[in-house]
Amino acid sequence: MNILGSLQQLGRAFMLPMIVLPAAAIFSSLSQLPWDYIGMPQLTVYLQAASHAIFTYLPYLFAVGIALGMTGNALAAALSALGGMFIYVGITQTAVPEIEPTVFIGTLMGIISGFSYERFKNLRLPEYIQFFGGPRFVPLFVSFISVLFSIFMIGLTPYIERMLEELGNIVASGGGFGVFLYGFVHRILVVFGLHHLVSHVFWFQIGGYTMADGTTVYGDLPRFFAGDPTAGVFMAGMYPTMMFALPAIALAIIHEAREDLKPKIRKTFMYAALASFLTGVTEPVEFAFLFVAPYLFVVHALLSGVIMWVTYELGIRHGFSFSGGAIDFIVNEHLATRGWLLIPIGIVVGLIYYFLFRWAIDRFQIPTPGREEGSHLDEWAGDIPQRAPLILQAIGGKDNIVKMESCITRLRLKVANEKQLDIAALRNLGAAGVIRLGGGNVQVVFGTYSELIRGEILNTIQRDQQQVLFSSPMQGKMIALSEVPDPIFSGKLVGDGVAFIPDKGELVSPVKGEVIHIYPTMHAIGIRTPEGLEVLLHIGIDTSLLGGKGYFKAVVKEGDMVLPGELLIRFNLQQVRKESKSLATPMVITNSDLVRSWRFAPYKTVKKGQSSVMSVVLKEIQVGGERP
């Protein structure tokens, strides 16, 4: 069993129940408004009650959310977790009324239910009792486990509660260094998507606070919203990093970009900076330099820890419901202690980060986006339906997917064969980074569009349509067919498709198929796919006039079967560039009437044989190249 893979799934599961917390924070903030001035004094009470209710039932939300997150939204697991919580509360409060359900108990119940579902979802029983087999067995099994667990916890819970409080005291005794260490580790674990695990312990487990009504809450986050003046230690220091440091890095990347690429980079990273500033979503910026300068990320993690240490020493206590962005900062400011100091601290932090990163990028020639052709980040929300089939191909197709989930910023996959992943294609399609955790567990960072991408990929898999996927036939840059300096191709009189500007004299097959025609000059070749599509590859413009000069040499012959990436033609790049009108090389489908829809990857640099540059959906199922 892969440990990192299991932890990444658990980390994602921890995030699911937290999506309701922003509502609690907003209700709490709105309750501070003077509703009595407009004749609605009871609204203050109602909003406070709504906020309090979310935190009161937080253990149940964690039980259900973690069970759903661990099982890919299996309702039987969620029902089992909820039933288990009811049993726990019923038994423990019957025996010892002072025992209250905690997030820790909800977490355990969610894990038990999720594990039980994965273990028993395919259980087969004798036919006469098979009604209780499969997923229906899970609630029954978890119910019995919950009874035993609850009885066991009656005697153990008081000790656990005292242990959590003592653990809080131990952590507090570490002072600023303990907070620094937490900030550093939290930032490092972002790389693996496991930062939710360490956050869960500090935010929802460590330290206790008894409210006026006698209810005890545990963890830095619930204590903060319950009014504990000492809470917020492990959250306050994140505001300067997310609101100022990461936007400053984005600004440094923009200013260090090449002049010709600055307009696009500016748009892309201004959106990324805004996302970090407002919502605390940092991965789009962090992954822009993580893989090209990992040592710089370590420096960033150390600085994040130092910032948390400084806020601790200054007595700043602030919290958030989701993440340390400006929205949470404003909404929760009324509960903070010296929270206003985070703004001047953040400005100083932003200046330090901006000049540090500009110096590092220039001094060490770090290839951040905009310093080389293309950018891994793009503003492409409206293009998700177009790219999803190409992303599916880049992760090896539907048969390579064992499990696919998503969290706020990542597509979390378990694949059958990691070798089928096309990392370059995924980056070309918008991924900020690809992380391999071993055992087939992979994370692809697409930013906040990850959930939409997952949904569109599932739609693509479920659609009963036949698709043909195209790889790049050469190394160079992909361009739109309309940019080809020839009216016959740009006007799509031959067919529709894309074109390429080569920087290497090799043409390879973009698809599986049969070579049906090679022009005598060898400057063009035709391939028929098993689905019946006829693909024309034409090297350069007006290159038919170069026949007899030996600039082109075919390494296949008519009738040969070829695979994607297989070499078709070698050509003298320098001579063709010198003597032809253009190097633009169209790849067109000449019988485009068979195609229902087209999808193209971004027009940017491609590698020879790179998958996922174009896909088409056929109008009807083709069999062996013939219409049924």
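For the pair Leu452 and Glu456, the minimum side-chain heavy-atom distance is 4.5 Å or more. With a 4.5 Å cut-off on side-chain heavy atoms, Val415 and Gln420 do not count as touching. Between Phe224 and Leu335, some side-chain heavy-atom pair lies under the 4.5 Å cut-off. Residues Met243 and Met238 fail the side-chain proximity criterion, which asks for heavy atoms closer than 4.5 Å. Looking at heavy atoms from C-beta onward, Tyr295 lies out of side-chain contact with Val299 at the 4.5 angstrom threshold. Side-chain contact check for Asp422 versus Gln393: every heavy-atom pair is 4.5 Å or farther apart. Looking at Leu421 and Ile395, their side chains come closer than 4.5 Å, going by heavy atoms from C-beta outward.
Ring centroid separation for the pair Trp359 and Phe364 comes in under the 6.0 Å cut-off. Checked against a 6.0 Å centroid threshold, the rings of Phe320 and Trp203 count as neighbours. Tyr182 has its ring centre less than 6.0 Å from the ring centre of Phe202.
Atom CD1 in Ile453 sits 7.0 Å away from atom CG in Leu411 (nearest 0.5 Å). Taking CZ of Phe244 as the reference point, atom CZ of Phe277 lies at 5.5 Å (rounded to 0.5 Å). Note that CD of Glu483 and CE of Met478 are 10.5 Å apart. Values are rounded to the nearest 0.5 Å. Rounding to the nearest 0.5 Å gives a distance of 4.5 Å between CD1 of Ile435 and CZ of Arg410. Atom CZ of residue Phe234 and atom CZ of residue Arg317 lie 9.5 Å apart, to the nearest 0.5 angstrom. Atom CE in Met474 sits 3.5 Å away from atom OG1 in Thr585 (nearest 0.5 Å).
Of the possible polar contacts, none joining the Thr282 side chain to the Ser276 backbone as a donor-acceptor pair under 3.5 Å is found. Arg599 contributes no side-chain N or O that, together with a main-chain N or O of Pro389, makes up a donor-acceptor pair within less than 3.5 Å.
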What verdict does the ring-ring contact (aromatic ring centres under 6.0 Å, His included) test give for Phe55 and Phe225, after you've listed the backbone C-alpha separation in whole Å, the side-chain angles of each residue and the deciding distance to 0.1 Å? CA-CA 9 Å; Phe55 285 104; Phe225 285 99; 5.2 Å; yes
Test log, rule side chain to side chain contact (heavy atoms under 4.5 Å, CB included), inputs His318 and Arg338: CA-CA 8 Å; His318 209 316; Arg338 308 187 77 188; over 6 Å; no
Chi angles and distances behind the side chain to side chain contact (heavy atoms under 4.5 Å, CB included) call for Thr107, Phe204: CA-CA 10 Å; Thr107 299; Phe204 297 103; over 6 Å; no
Kindly determine whether Trp309 and Val179 satisfy side chain to side chain contact (heavy atoms under 4.5 Å, CB included), including the steps that lead there. CA-CA 6 Å; Trp309 194 341; Val179 177; 5.6 Å; no
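Across all their heavy atoms, Gly114 and Met70 have their closest contact at CA-CB, 4.3 Å. Residues Val444 and Ala431 approach most closely at CG1-CB, 3.6 Å, considering heavy atoms. Minimum heavy-atom separation, Tyr239 to Asn332: OH-ND2, 4.3 Å. Smallest separation of non-hydrogen atoms from Val402 and Ala416: CG2-N, 3.6 Å. Residues Met308 and Gly183 come closest through the heavy atom pair SD-CA, 3.4 Å. Nearest heavy atom pair, residue Glu418 against residue Asn441, reads OE2-N, 4.2 Å.
In this structure, Phe600 and Trp598 have parallel ring planes: the angle between them is below the 30° cut-off, well short of the 60° mark.
A 6.0 Å sphere centred on NZ of Lys262 holds more than 12 heavy atoms belonging to other residues, nucleotides or ligands. Annotation: Phe180, atom CZ; neighbour count of heavy atoms from other residues, nucleotides and ligands within 6.0 Å is above 12.
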Exercise answer: donor-acceptor pairs, residues 342-357 side-chain atoms, under 3.5 Å, sequence neighbours excluded:
from	atom 1	to	atom 2	distance (Å)
Tyr353	OH	His300	O	3.3
Tyr353	OH	His300	ND1	2.9
Tyr354	OH	His255	ND1	2.6
Tyr354	OH	Arg358	NH1	2.9

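Every residue two or more places apart in sequence or in another chain that forms a side chain to side chain contact (heavy atoms under 4.5 Å, CB included) with Asp503 is listed here: Gln475.
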